[in-house]
Asks: 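Please see the structure below; I have some questions.
Order of the sequence lines fixes the chain letters, A, B, ..., with proteins taken first and strands second; residue numbering starts at 1 for each chain. The figures here come from the full heavy-atom set of this structure, side chains too, leaving out hydrogens, waters and symmetry mates.
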There are 2 protein chains.
Amino acid sequence: MPRTIGSHSDITGPRVRAAALKLFAEHGFAAVSMRRIASEVGVQAGALYNYTPDKQTLLFELMQTHMEELLAALPQQSDASVMDRLEGFVRFHIAFHHERPDAVFIAYMELRNLDPANFSRIEALRRRYETALEDILGAGSDQGIFDVADTKITTLAVIAMLTGVTTWFRPGGRLSLRAVQDQYWDMVRRMVVRAPDGSV
Amino acid sequence: MPRTIGSHSDITGPRVRAAALKLFAEHGFAAVSMRRIASEVGVQAGALYNYTPDKQTLLFELMQTHMEELLAALPQQSDASVMDRLEGFVRFHIAFHHERPDAVFIAYMELRNLDPANFSRIEALRRRYETALEDILGAGSDQGIFDVADTKITTLAVIAMLTGVTTWFRPGGRLSLRAVQDQYWDMVRRMVVRAPDGSV
DNA sequence: GTCTATAGGAGGATAGAC
DNA sequence: GTCTATCCTCCTATAGAC
């Protein structure tokens with residue numbers, strides 16, 4: 001049952017966040033005004049402050065939501081082989097980031113616009129994600145299946161490589177998402193798997 | 001011989017660009033005011049307009065200078081083996097980007113703050129750089145030394161991976177620059193080199 | 001070449017009416 | 001919950017004195 005005319009808290013809130021996500025990704029946090037976000041939603045600027053105490057908090061909550069969804073969606077598969085776990089991570093990272101290009105872009109580009117307390121909280125979430133990959137690489141090294149000189153560096157290298165996909169991949173282009181996943185999995189596999197005896 | 005007191009065109013110009021580079025990298029183009037740049041240099045805001053027609057041009061020229069220096073410094077080595085050329089590219093990219101973290105950051109993060117004409121000019125320079133790597137990968141594939149399914153994708157993957165170093169590498173840390181170069185060269189080599197017969 | 005002063009506008013955020 | 005109106009600050013860029 002509708003409330004008073006002009007009252008839309010349950011739908012305006014999500015629309016504010018969606019508009020902010022889109023505009024921050026497109027133009028950058030600092031370049032987007034609250035008036036511009038309000039205009040995108042179809043309300044006046046003052047109305048936004050029913051949904052966020054300030055612009056900084058709006059940015060932080062977008063980033064926090066993204067990172068928490070990323071961690072929640074990360075496949076656990078702790079009883080699978082390290083090879084399958086690594087393949088699962090690679091395919092997951094590409095697919096998940098592909099579905100949320102705006103949030104990914106903001107999460108990487110707008111860290112410097114977070115105030116120090118918010119920055120620390122986002123960094124902690126990011127570290128948890130990196131650790132998931134580092135654990136796989138460490139386990140594979142312990143088992144002698146992977147040959148990784150430094151799990152920390154390889155973790156960062158793999159994540160940078162995979163995240164780079166979002167800067168150029170567009171559906172309907174030359175390659176399907178599946179084909180991109182296949183190629184990146186092949187590259188990552190070759191980067192970390194121990195070469196058979198006598199092949200080096 | 002000094003000119004009139006208060007006249008410093010030969011030193012203020014570089015200082016304006018240096019201050020803008022530092023502040024844009026730290027806070028982002030849109031978040032930095034001309035007053036802030038002037039304050040960093042030690043002049044009033046109006047004086048900046050002796051060195052740039054406007055803020056947009058200041059950003060563009062910083063990015064253009066960076067990209068042209070990058071292309072000029074790229075080792076040619078066209079008579080070396082593809083393996084040596086690839087190794088040279090990897091070590092060069094890491095070293096050059098390490099020396100200019102602020103310019104690198106701006107060149108990747110502030111593309112969206114360029115107006116369309118300036119964006120096209122920077123994009124063209126970036127494409128020339130990518131083509132240098134793609135040519136090496138293509139030549140190695142033709143010679144049967146590399147096994148690269150798609151030179152375009154591998155080019156983007158390698159560059160994203162290498163550029164990622166600038167986000168975490170700090171001199172005086174756990175690893176020397178040389179050690180980082182060694183590890184990334186090892187990862188790139190394994191990503192692209194054809195496996196010996198019988199090892200796959 | 002740099003200064004002060006200012007035009008002219010846009011920014012984040014709030015107050016109070018409805 | 002949204003509106004209008006507004007406070008006060010900051011912005012880019014320019015004009016004219018020195």
Asks: For B:Lys55 and B:Ala30, which heavy atoms make the closest approach, and how far apart are they?
Replies: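 So the minimum-distance heavy-atom pair works out to NZ-O, 4.1 Å.
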Asks: Looking at every heavy atom in both A:Ala157 and B:Met187, which two are closest together, and how far apart are they?
Replies: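 Scanning both residues, the minimum pair turns out to be CB-CE, 3.8 Å.
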Asks: What integer distance in Å separates A:Asn50:CG from D:dG1:P?
Replies: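 In whole Å, D:dG1 P lies 6 Å from A:Asn50 CG.
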Asks: Below 4.0 angstrom, N of the basic side chain to O of the carboxylate: do B:Arg189 and B:Glu87 qualify?
Replies: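 So B:Arg189 does not pair with B:Glu87 through a salt bridge.
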Asks: How long is the span from the CE atom in A:Met109 to the CZ atom in B:Phe105, to the nearest 0.5 Å?
Replies: 8.0 Å
Asks: Between C:dC3, D:dT2, C:dG1, which nucleotide gets closest to the side-chain atoms of B:Tyr51?
Replies: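 Ranking C:dC3, D:dT2, C:dG1 by closest atom to the B:Tyr51 side chain puts C:dG1 first.
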Asks: Would you say B:Thr12 reaches C:dG1's phosphate, i.e. side-chain N/O to OP1/OP2 under 4.0 Å?
Replies: no
Asks: Tell me whether the rings of A:Trp168 and A:Tyr184 are parallel (<30°), tilted (30 to 60°) or perpendicular (>60°).
Replies: parallel
Asks: Would you say A:Gln44 places a side-chain N or O within less than 4.0 Å of OP1 or OP2 belonging to D:dT2?
Replies: no
Asks: Is the NZ or CZ atom of A:Arg85 both under 6.0 Å from the centre of the six-membered ring of A:Phe89 and within 45° of that ring's axis?
Replies: no
Asks: Please verify the inter-ring angle class for A:Phe24 with A:Phe29; under 30° counts as parallel, over 60° as perpendicular, anything in between as tilted.
Replies: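 Taking A:Phe29 first and then A:Phe24, their aromatic rings stand perpendicular (interplane angle over 60°).
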Asks: Show each protein N/O and nucleotides 11-14 of chain C N/O combination with a separation under 3.5 Å, one pair to a line.
Replies:
unit_1 : atom_1 : unit_2  : atom_2 : d
C:dG11 : OP1    : A:Ser33 : OG     : 3.3
C:dG12 : OP1    : A:Met34 : N      : 3.3
C:dG12 : OP1    : A:Lys55 : NZ     : 3.1
C:dG12 : OP2    : A:Met34 : N      : 2.7
C:dG12 : N7     : A:Arg35 : NH1    : 3.0
C:dG12 : O6     : A:Arg35 : NH2    : 3.1
C:dA13 : OP2    : A:Tyr49 : OH     : 3.0
C:dA13 : OP2    : A:Lys55 : N      : 3.1

Asks: Do the side chains of A:Glu40 and A:Arg36 get close enough for a salt bridge, i.e. N-O under 4.0 angstrom?
Replies: yes
Asks: Could you state the CZ-C1' distance from B:Arg15 to C:dT2, rounded to the nearest angstrom?
Replies: 14 Å
Asks: Would you work out how much the helix from C:dG1-D:dC18 to C:dC18-D:dG1 bends between its ends, with each end axis defined by five base pairs, to 10 degrees?
Replies: 0°
